[in-house]
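First the proteins, then the strands, lettered A, B, ... as listed; each starts at 1.
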4 protein chains.
Amino acid sequence: MERPSNGSSSTSDSDASSSSSSDSASASPSPAPEAEPADAREEIMDATYHVLCEEGYAGLTMRAIAAEAGTSKSLIHYHFDTKEELLLTFLERFLDRLDEWLVEIESETDDPEARLLAFVDRFVVQPADADRQAFWRAVLELRLQAAHQEGFREQLKANNDAIRSALASIIADGIEDGTFREVDPETTADLVLDALEGARTRQATLGPEEAPLTAREAVREHVLDDLVREE
Amino acid sequence: MERPSNGSSSTSDSDASSSSSSDSASASPSPAPEAEPADAREEIMDATYHVLCEEGYAGLTMRAIAAEAGTSKSLIHYHFDTKEELLLTFLERFLDRLDEWLVEIESETDDPEARLLAFVDRFVVQPADADRQAFWRAVLELRLQAAHQEGFREQLKANNDAIRSALASIIADGIEDGTFREVDPETTADLVLDALEGARTRQATLGPEEAPLTAREAVREHVLDDLVREE
Amino acid sequence: MERPSNGSSSTSDSDASSSSSSDSASASPSPAPEAEPADAREEIMDATYHVLCEEGYAGLTMRAIAAEAGTSKSLIHYHFDTKEELLLTFLERFLDRLDEWLVEIESETDDPEARLLAFVDRFVVQPADADRQAFWRAVLELRLQAAHQEGFREQLKANNDAIRSALASIIADGIEDGTFREVDPETTADLVLDALEGARTRQATLGPEEAPLTAREAVREHVLDDLVREE
Amino acid sequence: MERPSNGSSSTSDSDASSSSSSDSASASPSPAPEAEPADAREEIMDATYHVLCEEGYAGLTMRAIAAEAGTSKSLIHYHFDTKEELLLTFLERFLDRLDEWLVEIESETDDPEARLLAFVDRFVVQPADADRQAFWRAVLELRLQAAHQEGFREQLKANNDAIRSALASIIADGIEDGTFREVDPETTADLVLDALEGARTRQATLGPEEAPLTAREAVREHVLDDLVREE
DNA sequence: GATGAATGAGCTTTCATTCAT
DNA sequence: TATGAATGAAAGCTCATTCAT
């Protein structure tokens, strides 16, 4: 076989300390935060990430990626048969990071209220963090494109379901232990997720303003407070 | 299909001068519902709308627009110097329609609760309405692009502010007349708008499912019920 | 409509005198012997012909054709959507020329024997005529490619049938008027055509040598003499 | 299918050393009928043959050959510096097989008439034998390309001369022993060879039809019958 | 106003080839 | 021998745009 297979790297990511930046834990779900060249595929993913942030989806050409990665277009095609395959792989990795987030949140605290807020904080971008903003916008563009492709929608859907379930069970846990009043966990989860997505979109289209912060406040005020109120 | 592609809508359109005709109430915010060609610019806007719905943003080429409009690319360039200008104009018109909606909502009822729900209904797309879904997705792509362009962001922001103000004042009215409990109208408005935007995004990326409907329910349950509750 | 339709030029080709070269009558069936630019499509056909002769099928790239025609690749794609369409059009014209040849031969003489020889002379290339040799080789390559394309084979077949019928009826005429002895006209026609094709192939692969001339002699000796012999 | 793609032909191949095994008599002139890999070059030749048959000349890429051979492109380049060299080597082998055929024919019978027919049968492809048809077409494309290369023409010419001589001396033998009437053996040989080549070309461009069979009949009727007739 | 013709930049992709191991 | 990784050149094609009429 001449071209490397798609095998998922089995190396653990727990030794994040080797990453030179301490923020990697709660940082952006960029698929490639490694510093050293590691392997070519990784470098290409890296470059894809950077181009996506800096030029947007429209500027995400093979040429730009190759230039950013410091290689040739041909090499990219050597590792990823088509651009589509490249983008799908990229998106896959991104979604995988999101999954990892869910685990992290659950391992941080047991308090449902704290968990819910932690959840919100993860999916909201600080106004100052221009990079991560650009990334979320780019990923949104990417998802919009990917949605056209039959077969990738399922992946998006599966990922969305995973996130939703995670949030819903946080809420369900809160209900069970009496912290929250009785609501439909899934409906509430949808509301929160939609609000966060909407806030990010607002930020992507209107600028870095405080959009997601107000979203956080709104969720706290209207959802959290509502959940914990005495009926 | 929402708008006959060949003009000649069966209902009388002779009173086209009064652009705020009541039939537009539940219609899509398409920028070009006129029946007779009016002028060329209008026809081009029309074609843009159709191509956007049918082919998505990626398929929105000058060639496609010209073909749909039944004219030549040259003529489009005669009316709009660049593609950018064309799209910006198109987006402008779209935003203007949204403004008109706001007026309509306010003239329909005085009850704050009803107004708020009417608001939500406008900005939510029925699962069955494939055309309008495609349109919202396309407009989202469009806004994402436009956001790159310094100077257009202000317009998007102004429009967003207008919508937000409208919703906020509906809420403020409700507070004033005692229907709603005391909350910050703007924060609440943001939450609602974000939730709707997020729901539409979910729909655009995951499929026509019931996304926006659950959003509606969630808003009703968590926001409205919360607003009207006895403290 | 933006792109010119495929309409066959209705202008007569009988005024070949305006062509500056007198050999155009029995010359190569090149699809574009016109001197003045005429129309762009024609110029492209012209360039295709020249590139094909000079570089062979392998060198027949859009770039080369554009360079030869002194235009841009884009323009070629403006007139012919794909390279395939271009080549097919080119081949079509070539086949049309062959058809015209058949008519010409029939109008030149009534004598079956002379006709048969005229026929052979048309489809044989003089060793000195390097251009026409290159062309026949190129056309052979072209036909080999076109044969892969379902739907074009029919055209090749139709053309082959036309030529075969023409030759067969020359022979049949000869039989009828007693010039030739009784043979199956179609079998004989096939033999002659195959021999000519084979000779051209020999020339194309082995060099300009006298291949087709010996073929002519062989046909005369083994076919013609055989046909006119007293049984 | 003519040659098992996975080696292990059911008949014993142990005497592979005597490459002129009699089973090759009616086989295709494929340059690589050996069963066990022998050496790498052989396997590459083998793969070339298969790709050529299945994909045609246009699909004969180094990648395809490597894939078919189950090795890497690099290895092919190790054995053959350039693609050109590879193809030329391949063509050489093919021509060598043709030479072997000539010997075989001569050893089969002494009767000039039978020999001539055997000759024709070898160089004609049965309509049902799709594989060998594809191969002949591919070889024709190959020869057309090779002809461009100064220095290889000589090889083609030498081979052609060998075949022609063989056929001519069959005819000459026939004349000598009184079976055939007095003709110029070389001219007659050319006619027969051209007719066969032409028929194969017709088959390659127009389809598997009965082209070569009619060619056989025509040769028998117009050449053989003519040769043996009483003057 | 309106058109067809023409262009140049750039796109994704493929190919034969090379090089370090 | 044998390979995977990498490359530069070139391929066909699309796009927004311009220009003469």
Side-chain angles (χ1 to χ4, degrees), chain A residues 1-5 39-41 43-44 58-66 69-87, chain B residues 39-41 43-44 58-66 69-87, chain C residues 1-5 39-41 43-44 58-66 69-87, chain D residues 39-41 58-66 69-87:
Chain A
M1 230 160 292
E2 205 161 332
R3 228 170 41 76
S5 73
D39 126 308
R41 278 177 77 97
E43 266 192 273
I44 293 169
L60 190 67
T61 67
M62 298 302 270
R63 183 154 86 69
I65 297 173
T71 64
S72 58
K73 282 178 292 172
S74 323
L75 184 60
I76 302 184
H77 276 287
Y78 174 73
H79 287 288
F80 304 90
D81 271 356
T82 67
K83 188 186 184 185
E84 190 181 318
E85 193 187 308
L86 164 65
L87 296 189
Chain B
D39 72 350
R41 281 177 75 96
E43 267 193 89
I44 293 169
L60 190 65
T61 68
M62 298 299 270
R63 183 150 95 65
I65 298 173
T71 63
S72 58
K73 282 184 294 176
S74 318
L75 185 60
I76 301 185
H77 274 286
Y78 175 79
H79 287 290
F80 304 90
D81 271 1
T82 68
K83 188 187 186 185
E84 191 183 317
E85 193 186 309
L86 164 66
L87 296 190
Chain C
M1 229 161 293
E2 207 161 332
R3 229 168 44 72
S5 72
D39 127 307
R41 279 177 77 97
E43 267 191 274
I44 294 169
L60 190 66
T61 68
M62 296 303 270
R63 184 154 86 67
I65 297 173
T71 64
S72 57
K73 283 180 291 172
S74 324
L75 184 61
I76 302 185
H77 277 287
Y78 174 73
H79 287 289
F80 305 89
D81 271 355
T82 67
K83 189 187 184 185
E84 190 181 318
E85 193 187 309
L86 165 66
L87 296 189
Chain D
D39 74 350
R41 282 176 74 96
L60 189 65
T61 69
M62 297 300 271
R63 183 151 97 63
I65 298 172
T71 65
S72 58
K73 282 181 295 174
S74 317
L75 185 61
I76 300 185
H77 275 286
Y78 176 79
H79 287 290
F80 306 89
D81 271 0
T82 68
K83 188 187 184 184
E84 191 181 316
E85 192 186 311
L86 164 66
L87 296 190

Atom-to-atom span, [atom1] of [X] to [atom2] of [N] - whole angstrom:
{"X": "A:F80", "N": "E:dT12", "atom1": "CZ", "atom2": "P", "value": "15 Å"}
{"X": "C:L60", "N": "F:dA10", "atom1": "CG", "atom2": "P", "value": "17 Å"}
{"X": "C:R41", "N": "E:dA6", "atom1": "CZ", "atom2": "P", "value": "12 Å"}
{"X": "C:L75", "N": "F:dT17", "atom1": "CG", "atom2": "C1'", "value": "15 Å"}
{"X": "D:E84", "N": "E:dC15", "atom1": "CD", "atom2": "P", "value": "18 Å"}
{"X": "A:D39", "N": "F:dA6", "atom1": "CG", "atom2": "C1'", "value": "14 Å"}
{"X": "D:M62", "N": "F:dT3", "atom1": "CE", "atom2": "C1'", "value": "15 Å"}

Shortest non-hydrogen contact between [X] and [Y], atoms and distance:
{"X": "C:I44", "Y": "C:F80", "value": "CG2-CE1, 3.9 Å"}
{"X": "D:M62", "Y": "D:I76", "value": "CE-CG2, 3.5 Å"}
{"X": "C:A69", "Y": "C:E43", "value": "O-OE2, 4.0 Å"}

#### Entry: Residue closer to the 5' end of DNA chain F, C:K83 versus A:I76 (nearest nucleotide)
A:I76

### Query
Where each residue is assigned the nucleotide of DNA chain F containing its nearest heavy atom, which of C:G59 and D:G70 is assigned the position nearer the 5′ end?
D:G70

### Query
If pairing requires Watson-Crick or G-U wobble contacts with both distances under 3.5 Å, which nucleotide is the partner of E:dA2?
F:dT21

### Message
With rounding to the closest Å, how many angstrom separate the P atoms on E:dG1 and F:dT21?
### Response
22 Å

Which listed nucleotide ([options]) is nearest to the side chain of [X]?
{"X": "D:S72", "options": "F:dG4, E:dG4, E:dT13", "answer": "F:dG4"}
{"X": "A:R63", "options": "E:dT13, E:dC11, F:dA16", "answer": "E:dC11"}
{"X": "B:H79", "options": "F:dA6, F:dA5, E:dG1", "answer": "E:dG1"}
{"X": "C:T61", "options": "F:dT1, E:dT17, F:dA11", "answer": "F:dA11"}

### Message
Using the rule given for side chain to side chain contact (heavy atoms under 4.5 Å, CB included), can you reason through B:H79 versus B:D39, listing the C-alpha separation, both sets of side-chain angles and the distance that settles it, and then say yes or no?
### Response
CA-CA 11 Å; B:H79 287 290; B:D39 72 350; over 6 Å; no

### Close side-chain approach of A:K83 to A:I65, heavy-atom, < 4.5 Å
no

Please determine if a side-chain N or O atom of [X] lies less than 4.0 Å away from the OP1 or OP2 oxygen of [N].
{"X": "C:S74", "N": "E:dG8", "result": "no"}
{"X": "D:H77", "N": "F:dT3", "result": "no"}
{"X": "B:Y78", "N": "E:dA2", "result": "no"}

### Task
Go through the N and O atoms of the side chain of A:K73 and the base of F:dT7, and report whether any donor-acceptor pair is under 3.5 Å.
no

